[in-house]
Participant: 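This structure is in structure tokens; I'll ask about it shortly.
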Protein chains: 2
Amino acid sequence: MVLNEPEQPAAPAAGGAGRGGLGVPGGRRKQRVSMADVAELAGVSSQTVSRVSNGHAGVVASTREQVLAAMRELGYRPNSAARALRYGRFNTIGVILFSLSSTGSSRTVEAIATHAAAEGYAITLIPIDVATQDNVLGAFTRMGELAVDAVIVIMEIHLLDTATVQLPPGAHVVVVDSDAGDRYGVVDTDQADGTRRAVRHLLELGHRTVWHVAGPESSYAAQRRAQAWRAVLEEAGCPAPAPFRGDWSAESGYAAGLALAEEPDCTAVFASNDQMALGLLRALHERGRSVPADVSVVGFDDTPDAAFFIPPLTTVHQDFAEVGRRCVEGVLHQLRTGDDSRPGTDLVPARLVIRESTAPPRTT
Amino acid sequence: MVLNEPEQPAAPAAGGAGRGGLGVPGGRRKQRVSMADVAELAGVSSQTVSRVSNGHAGVVASTREQVLAAMRELGYRPNSAARALRYGRFNTIGVILFSLSSTGSSRTVEAIATHAAAEGYAITLIPIDVATQDNVLGAFTRMGELAVDAVIVIMEIHLLDTATVQLPPGAHVVVVDSDAGDRYGVVDTDQADGTRRAVRHLLELGHRTVWHVAGPESSYAAQRRAQAWRAVLEEAGCPAPAPFRGDWSAESGYAAGLALAEEPDCTAVFASNDQMALGLLRALHERGRSVPADVSVVGFDDTPDAAFFIPPLTTVHQDFAEVGRRCVEGVLHQLRTGDDSRPGTDLVPARLVIRESTAPPRTT
DNA sequence: CTGCCTGATGTTTACGTGAACACGTTCCCT
DNA sequence: AGGGAACGTGTTCACGTAAACATCAGGCAG
């Protein structure tokens, strides 16, 4: 019967205020145990209970013991609503995001939650299942009313733009996957740098040019990767083939792969994430194009699975844990110093992990 | 300057209580706009503001408009701490889990968050990075003090067991990945049923027996799958080879695969999740064992990627969305009816998705 | 014309906590 | 021994909201 609350306080508030008593015949008289209850049982004032509860000095050991005993007996738990009201803060960070299914968000959220916990903060999740304006606006509105001290947004920029006005005044915000560095703090993997490493790696192997399977247009990260891919090719004087547009899913990578398999010139592909690379590998395999002998493939993310693709995938490693850590650091810095206006972009370096899906092109 | 708070309330509380004023020279006088501020600007009582804010009837249109205008002007937002204190609830559900990285948890959490949002509840995440007793206990303790009305636990049973006593009295709990059905409500995929479908499928194809790559012992789901696998084999009178023990990772599946490739008798393998199946596929491929011609492989989870493995993976589909939905339903039912003691196990059916990684054994 | 009822709005109060201040005791120092 | 500092504990109050009750004006029926 763990879940039952104590049947009766040991010393019921007989003579005191009759709150809750009147007109409630059989019902439980009180939802929760309050400081006053503990104080009464321990025979002290509620302020002393407060002091014990918060570990303040200046309470004699015997009194403290008495209070602690009363707490245990009644199963007292501080009421966080009252605390939050008193202190004006919740020790909670809100996280707005689209989907936990994407590799990036779920790992970033996990890191955020872990680091926040280490700082004594909890995480409140506001997912937006469908990325309509209404949903985004709704999420921001809800967030504004929520028990939250600061907000981390993992979201594309243009959707954020329209929702901006809804952010609670005085809110502390850090954004991922966006270039809103002029208005909010931004933390993100250095997409451009990672992409450059990937594309240059392919060019250095001797490939004439590199094809691209891009992520959805709505994603800022996908845009940045596509831009950087094009920039490297232009810089190297290589022709840039028209990119394929995917949606992060393996299925879209597969579709692109079927098309790419028909391009005899295609010897190197940069996929904007590992899942699309997976679909790509399967399509090429199906069409009898060997990887890496015929076609080299590079992914992005370095998911734990990428090392076990066939063949093991060369990919750009993102340090999601570090991104999450810096997000938390960012909002907590704002929160603690009150320094609202510290926009700027904090880029976490990426690194290329070379495995077996890349090789020099077949000598003609 | 979206983030700035309004410089001054339009009609400062000149004669009223001097709270916050004394000794704070340059500082902002008030952190937040309260009902009283809105009431003053609108020239009504704060109670009327409350009525407007909560959409109560009985406020004349002109008054309502005035209040709404004042709200807009001051950027008023209800204080959820005060609300929670008043109402005694937070409209928030806490979720305790180990890791978002595992496919199952992250998809379950997402479904939980989505359905909770639909019911007007937010989700507070309490991750436990390392599964030590202390961490688990700490998480439960924190959760007890947190702004949370109910708790969903995604965790193995034996760790929960020891932490049980720490759960806040009166808390409403639903558990996933556990058999604590006698004490808490449990929602889970029907692991045994899914496993039976997978193993029977292999036997029906004509395989003599089925090997097993199990998940970690600490996982209840892994235990259930291993049990059911063994039960089906025994029922069919097949010898049960010693299972390999993995840790859900593709790497552990790869290791098991290398060993299995040396077993000439092995023609069918049931992996306890898709990631291990991925590692398995690669190991078999490396060792020249063709899938499904030489060895059939079945996974569990049906991750979105599984359809794009080489070859596309036959696997057991888990309906995580449904599990999440029922979790939320469960706690909200408890919450609303106050029916604490409705333990029982709610199993969500699984189904087998047959793709190309399974085939009859090579005829000898 | 009077009295009551209805509907709109204001006033009071409690929710649980903890800072600030008040009070009383003990013990030390002169 | 007397004064006061230091310390332990109690009392008061405010945080922002909303239910319960109070009040007030206007309309309508007897």
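Chain naming here is simple, since letters A, B, ... match the order of the sequence lines and numbering starts at 1 in each.
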Participant: Determine: side-chain N/O of B:Ser50 to OP1/OP2 of D:dA19, distance under 4.0 Å, yes or no.
Facilitator: no

Participant: Choose from D:dA20, D:dT17, C:dG18 the nucleotide whose nearest atom is closest to any side-chain atom of B:Met35.
Facilitator: D:dT17

Participant: Respond yes when some side-chain nitrogen or oxygen of A:Ser53 is under 4.0 Å from OP1 or OP2 of C:dT17, and no when none is.
Facilitator: no

Participant: D:dA18, D:dT9, D:dG16: which one has an atom nearest the side-chain heavy atoms of A:Val60?
Facilitator: D:dT9

Participant: Which residue, B:Ser45 or B:Arg86, contacts DNA chain C at a nucleotide closer to its 5' end, judged by nearest heavy atom?
Facilitator: B:Ser45

Participant: By nearest atom, which of the nucleotides D:dC15, D:dA19, C:dG10 is closest to the B:Thr48 side chain?
Facilitator: C:dG10

Participant: Considering just the side-chain nitrogens and oxygens of B:Asn54, establish if one lies under 4.0 Å of OP1 or OP2 belonging to D:dA18.
Facilitator: yes

Participant: Are any of B:Arg83's side-chain N or O atoms less than 4.0 Å away from OP1 or OP2 of D:dA18?
Facilitator: yes

Participant: Within the 4.0 Å heavy-atom criterion, would you say B:Val49 contacts the bases, only the backbone, or no part of the nucleic acid?
Facilitator: nothing

Participant: Could you state the interatomic distance from OG (B:Ser53) to CZ (B:Arg83), rounded to the nearest 0.5 Å?
Facilitator: 4.5 Å

Participant: Tell me whether the OP1 or OP2 atom of D:dT17 has a side-chain N or O from B:Tyr76 closer than 4.0 Å.
Facilitator: yes

Participant: What is the distance from CZ of A:Arg51 to P of D:dG8, rounded to the nearest Å?
Facilitator: 10 Å

Participant: Report the C-alpha distance between B:Leu125 and A:Val109 in whole Å, list the side-chain angles of each, state the deciding distance to 0.1 Å, and finish with yes or no for side chain to side chain contact (heavy atoms under 4.5 Å, CB included).
Facilitator: CA-CA 10 Å; B:Leu125 231 53; A:Val109 169; 4.1 Å; yes

Participant: Starting at CG of A:Asp37 and ending at P of C:dC15, how long is that distance when rounded to a whole Å?
Facilitator: 10 Å

Participant: Base, sugar-phosphate, or nothing: which does B:Thr63 touch, judged by heavy atoms less than 4.0 Å apart?
Facilitator: sugar-phosphate

Participant: Taking atom CG of B:Leu41 and atom CD of B:Gln66, what is their separation to the nearest 0.5 Å?
Facilitator: 9.0 Å

Participant: Ignoring hydrogens and angles, does a donor from either the side chain of B:Arg77 or the base of D:dG16 sit under 3.5 Å from an acceptor on the other?
Facilitator: no

Participant: Is there a side chain to side chain contact (heavy atoms under 4.5 Å, CB included) between B:Tyr121 and B:Leu335 once you walk through the steps?
Facilitator: CA-CA 12 Å; B:Tyr121 280 75; B:Leu335 210 54; 3.3 Å; yes

Participant: About how many Å separate CE of A:Met35 and CG of A:Asp37, when rounded to the nearest 0.5 Å?
Facilitator: 11.5 Å

Participant: Any donor and acceptor pair, going by atom type alone, linking the side chain of A:Asn79 with main-chain N or O of A:Ala81 inside 3.5 Å?
Facilitator: yes

Participant: Nearest whole angstrom, please: distance from the C1' of D:dT9 to the CD of A:Glu40.
Facilitator: 17 Å

Participant: From C-beta outward on A:Gln47, which listed nucleotide comes closest to its side chain: C:dT11, D:dT9, C:dA19?
Facilitator: C:dA19

Participant: Whole-Å distance between D:dG10 P and A:His56 NE2?
Facilitator: 16 Å

Participant: In whole Å, I'd like the distance from the CD atom of A:Glu65 to the P atom of D:dT9.
Facilitator: 13 Å

Participant: Is the shortest side-chain N/O distance from B:Tyr87 to OP1 or OP2 of D:dT17 below 4.0 Å?
Facilitator: no

Participant: Mind calculating the distance between CG (B:Leu85) and C1' (C:dG16) to the nearest angstrom?
Facilitator: 6 Å

Participant: What integer distance in Å separates B:Phe90:CZ from C:dG16:C1'?
Facilitator: 11 Å

